[in-house]
Amino acid sequence: MWCSRVALRRLQRVAAASLNGTGGLTSTMQKEMSTLPRVYVTRQIPPEGLKILRESGQVQFELWDSDDVPVPRKELLQKVKGVDALLCVLTEKIDKEVLDAAGPNLKVVSTMSVGFDHLSLEELKKRLLVCVCVFLPRGIRVGYTPDVLTDAVAELTVALLLTTSRRLIEATHEAKTGGWGTWRTLWLCGYELADSTVGILGLGRIGVAIAERLAPFKVKKFIYTDVAPRPELARAINAEYVSMDELAKQSDFLAVCCALTPETKEVCNKNLFSKMKKTSIFINTSRGGVVNQDDLYEALSSGQIAAAGLDVTVPEPLPTSHPLFTLKNCVILPHIASASYSTRGAMSALAANNLLLGLRREPMIKEIKL
């Protein structure tokens, strides 16, 4: 047990007293609190996760109390000194500098995200090796929050695809600014899903969920490519495995769902776009780094492809002066794929539980194996 039942109940009372403002902490309570593992939370995460940490009685935590502005780098490096665990979000780069600042006490990094390209896994592995060499039981463990956001991301991807293909942003602008004149035969025409081929780059749970939502639109065929065929997932949506070239050539709609890795960095580039149909719609809700944005701009502005919808960019936020914002056939959202109340709450709770389980040296609910 992490602590005795009696001690746990006492610490829970302390947390409740602090939360409710019903009196100060006694010196005994303060001493007990000071012996608990220290946790730094880099953002004002949804209340579900903070409640779990607060009511666990297992940790003392401090947080950057803002959801509008990321913790400044200098502040982060100061606050992580000596902590036992870190709960972060994707805006914080957890690299050698942060790990060095944290020091040898750091046992757990829990990120409230499904992507983990902001974590330096190689540096985390080095810490693991150092710990093994000096015969400590474990090195730094890493938790993340996949699966709980699958439905939200799939829904947003479909919404972005329809918005882009049917030119809804353009249409709204025309209605608001007086462009809505007499009925015209080809004005604001877009592309239908019915009888189309939908390509998925990176077939995981999210890719499957997207296809399941698109199937009722009478899509003719689903195709996908990945590092290797994924027959079990593909069977769920009756999808065919194809090469990257064939994915580009056949797709009327191409949805990018892959993780950002060294192998996938800027894999969507001039070579891919040049093979796509001029009527193709390109959608990315994975990571901005998967796309070469200069090549995408050229493909869109030259008419090489019909349109693109992006929920992710490089950098984030994308400067308002970026050329992609000048294009009518490019819809850009501010990375909101998982932005539903229920999903963000579930992510927050999962991140908190991963952290506590990691500190107890128990299996995390979702852990990245280093």
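For this chain, numbers begin at 1 and follow the sequence in order.
- Summarising the local packing, CD of E192 is surrounded by 12 or fewer heavy atoms from other residues, nucleotides or ligands at distances under 6.0 Å.
- Contact check for L50 versus L63: side-chain heavy atoms found under the 4.5 Å cut-off.
- Within the 4.5 Å cutoff, the side chain of K218 has no heavy atoms near those of the D195 side chain.
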>> As a quick check of understanding, evaluate side chain to side chain contact (heavy atoms under 4.5 Å, CB included) for Q250 and K275, giving each step before the final call.
In response: CA-CA 9 Å; Q250 294 187 37; K275 294 179 174 67; over 6 Å; no
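- Classification of R213 and D151 as a salt-bridged pair holds, one side-chain N sitting under 4.0 Å from a carboxylate O.
- The residues E48 and K51 are annotated as not salt-bridged, no charged nitrogen and carboxylate oxygen being separated by less than 4.0 angstrom.
- Judged by distance alone, with hydrogens and angles left aside, the side-chain atoms of S243 form a donor-acceptor pair with the main-chain N or O of E246 at under 3.5 Å.
- Of all non-hydrogen atoms in N354 and S110, the two that sit nearest each other are CB-OG, 3.7 Å.
- The backbone N or O of K107 lies less than 3.5 Å from no partner atom in the side chain of R141, so there is not a single donor-acceptor pair.
- Interatomic distance, S348 OG to I52 CD1, rounded to the nearest 0.5 Å: 7.0 Å.
- Looking at heavy atoms from C-beta onward, I283 lies out of side-chain contact with I210 at the 4.5 angstrom threshold.
- Nearest heavy-atom pair, L233 versus L203, reported as atom, atom and distance to 0.1 Å: CD1-O, 3.5 Å.
- For W180, the CH2 atom is loosely surrounded, since the number of other residues' heavy atoms within 6.0 Å does not exceed 12.
- A donor-acceptor pair is defined here as one N or O able to donate and one able to accept, closer than 3.5 Å; such a pair exists between the side chain of R344 and the backbone of S338.
- With 3.5 Å as the limit, one finds a donor-acceptor pair spanning the side chains of E266 and N292.
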>> Let's go through R73 and D95 carefully: what are the C-alpha distance in whole Å and the side-chain angles of both, what is the deciding distance for salt bridge (Lys or Arg N to Asp or Glu O under 4.0 Å) to 0.1 Å, and is it a yes or a no?
In response: CA-CA 12 Å; R73 184 71 173 184; D95 54 11; 2.7 Å; yes
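- Looking at T261 and E263, their side chains do bring a donor and an acceptor atom within 3.5 Å of each other.
- Atoms CG and CG, on L355 and L350 in that order, are 11.0 Å from each other to the nearest 0.5 Å.
- Taken from CG in L214 to CD1 in I200, the straight-line distance is 7.5 Å, to the nearest 0.5 Å.
- Of all heavy-atom pairs spanning Y297 and L327, the tightest one is CD1-CD1, 3.6 Å.
- D252 places no side-chain N or O within donor-acceptor distance of the main-chain N or O of S196, the cut-off being under 3.5 Å.
- Remark: side-chain polar atoms of S280 are paired, donor with acceptor, to backbone N or O of S251 under 3.5 angstrom.
- V331 and V290 sit in two unconnected hydrophobic clusters of ILVMFWY residues. Membership requires side-chain heavy atoms under 4.5 Å apart, directly or through other members.
- Applying the 6.0 Å contact sphere to NZ of K328 captures no more than 12 heavy atoms from other residues, nucleotides or ligands.
- No side-chain heavy atom of C258 sits under 4.5 Å from any side-chain heavy atom of V227.
- Checked by atom type and distance alone, the side chain of E316 pairs as donor or acceptor with a backbone atom of T313 at under 3.5 Å.
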>> Using side chain to side chain contact (heavy atoms under 4.5 Å, CB included), reason through T197 and K220 one step at a time and then give a plain yes or no.
In response: CA-CA 6 Å; T197 296; K220 177 178 66 177; 4.0 Å; yes
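- Atom CZ of F282 sits about 13.0 Å away from atom CD of Q304, to the nearest 0.5 Å.
- Taking hydrophobic clusters as Ile, Leu, Val, Met, Phe, Trp and Tyr residues chained together by side-chain heavy-atom distances below 4.5 Å, L77 shares a cluster with I140.
- In plain terms, the two heavy atoms of V256 and C268 that are nearest each other are CG2-SG, 3.9 Å.
- Minimum interatomic distance between S286 and N284 (heavy atoms only, all atoms of both residues): OG-OD1, 2.6 Å.
- Annotation: side chain of F217 is in contact with side chain of L162 (closest heavy-atom distance under 4.5 Å).
- Looking only at side-chain heavy atoms (C-beta outward), L124 and I368 stay at 4.5 Å or farther from each other.
- Between the side chain of S113 and the backbone N or O of V89, no donor-acceptor pair lies under 3.5 Å.
- Contact between A308 and L296 at its shortest, heavy atoms only, is CB-CD1, 4.1 Å.
- Judged by distance alone, with hydrogens and angles left aside, the side-chain atoms of W64 form no donor-acceptor pair with the main-chain N or O of Y40 at under 3.5 Å.
- Salt bridge D65/K79: absent, no basic N to carboxylate O contact under 4.0 Å.
- Within the 4.5 Å cutoff, no side-chain heavy atoms of H322 are placed close to those of I332.
- The side-chain heavy atoms of T111 and T145, taken from C-beta on, include no pair separated by under 4.5 Å.
- Within the 6.0 Å centre-distance limit, the rings of Y241 and Y224 are counted as a close aromatic pair.
- Cluster membership check: F325 does not share its hydrophobic cluster with L168, using side-chain heavy-atom separations under 4.5 Å among Ile, Leu, Val, Met, Phe, Trp and Tyr.
- Within the model, atoms CD1 of I281 and CG of L193 stand 9.5 Å from one another, a figure rounded to the nearest 0.5 Å.
- Of the charged side-chain nitrogens involved, none lies within less than 4.0 Å of a carboxylate oxygen, so that K270 and E298 do not count as a salt-bridged pair.
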>> The test is side chain to side chain contact (heavy atoms under 4.5 Å, CB included); show your working for V83 and N105 and say whether it passes.
In response: CA-CA 6 Å; V83 298; N105 284 350; over 6 Å; no
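- At a threshold of 4.5 Å between side-chain heavy atoms, the hydrophobic network of Ile, Leu, Val, Met, Phe, Trp and Tyr places L254 and I237 in two separate groups.
- Taking CE of M112 as the reference point, atom CE of M347 lies at 4.5 Å (rounded to 0.5 Å).
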> Should V39 and D84 be marked as a side chain to side chain contact (heavy atoms under 4.5 Å, CB included) after you check the CA-CA gap, both sets of side-chain angles, and the distance that decides it?
Replying inline: CA-CA 6 Å; V39 174; D84 297 275; 5.8 Å; no
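- For the residue pair E92 / T42, a side-chain donor-acceptor distance below 3.5 Å is found, with atom types taken as modelled.
- Note: the hydrophobic cluster containing L318 does not contain I169 (ILVMFWY, side chain heavy atoms under 4.5 Å, direct or indirect links).
- Judged by distance alone, with hydrogens and angles left aside, the side-chain atoms of R38 form a donor-acceptor pair with the main-chain N or O of K81 at under 3.5 Å.
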